[in-house]
Amino acid sequence: MIDSEKYLLSASDIVTMLGVKKPTAYKIIRDGNAQLAKAGKLTIRGKINKHYLLKMLDVSEV
């Protein structure tokens, strides 16, 4: 289960949350981090900010 206090999500968290396969989860992370880096934000390889992911998916909370 995904901890509600977790701010950075891994590919495994995205697999659980969205029901996608791991390569798809890594692509989501890469695309999101590329957009964040372009905006001048700090990114961590293999992790994505939970709030930004929810914004990308256009959902308020999971």
Side-chain angles (χ1 to χ4, degrees):
M1 194 66 188
I2 298 173
D3 184 8
S4 62
E5 295 298 318
K6 195 180 243 189
Y7 294 105
L8 294 176
L9 301 177
S10 67
S12 298
D13 296 329
I14 294 173
V15 166
T16 303
M17 184 187 300
L18 302 179
V20 297
K21 295 192 183 224
K22 213 161 205 175
T24 304
Y26 280 115
K27 182 175 180 348
I28 291 169
I29 291 171
R30 276 194 309 273
D31 293 348
N33 280 342
Q35 291 174 10
L36 286 170
K38 192 173 183 181
K41 306 293 183 186
L42 176 67
T43 61
I44 298 173
R45 187 175 181 167
K47 304 277 186 180
I48 190 165
N49 181 287
K50 177 182 176 183
H51 298 292
Y52 184 72
L53 175 65
L54 295 176
K55 183 179 173 185
M56 279 176 51
L57 297 173
D58 197 28
V59 294
S60 58
E61 191 62 42
V62 176

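In this chain, numbering begins with 1 at the start of the sequence shown.
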Are Ile28 and Met17 connected in a single hydrophobic cluster, I mean Ile/Leu/Val/Met/Phe/Trp/Tyr linked by side-chain heavy atoms less than 4.5 Å apart?
yes

Quick check for you: to the nearest 0.5 Å, what is the distance between Lys47 atom NZ and Ile14 atom CD1?
10.0 Å

In Å and rounded to the nearest 0.5 Å, what is the OG1 to CG distance from Thr24 to Leu18?
10.0 Å

Output side-chain donor-acceptor pairs under 3.5 Å for residues 35-44, partner residues at least two apart or in another chain, one line each.
from	atom 1	to	atom 2	distance (Å)
Gln35	OE1	Tyr52	OH	2.5

Looking at CG of Asn49 and CG of Leu8, how far apart are the two atoms once the value is rounded to the nearest 0.5 Å?
6.0 Å

Same cluster (ILVMFWY, side-chain, under 4.5 Å), Leu54 and Val20
yes

Closest approach of Ala11 and Ala25, non-hydrogen atoms and distance?
O-CB, 3.6 Å

Kindly determine whether Asp13 and Thr16 satisfy side chain to side chain donor-acceptor pair (under 3.5 Å), including the steps that lead there.
CA-CA 5 Å; Asp13 296 329; Thr16 303; 5.7 Å; no

Working to the nearest 0.5 Å, report the span between CD1 of Ile29 and CG of Leu9.
8.0 Å

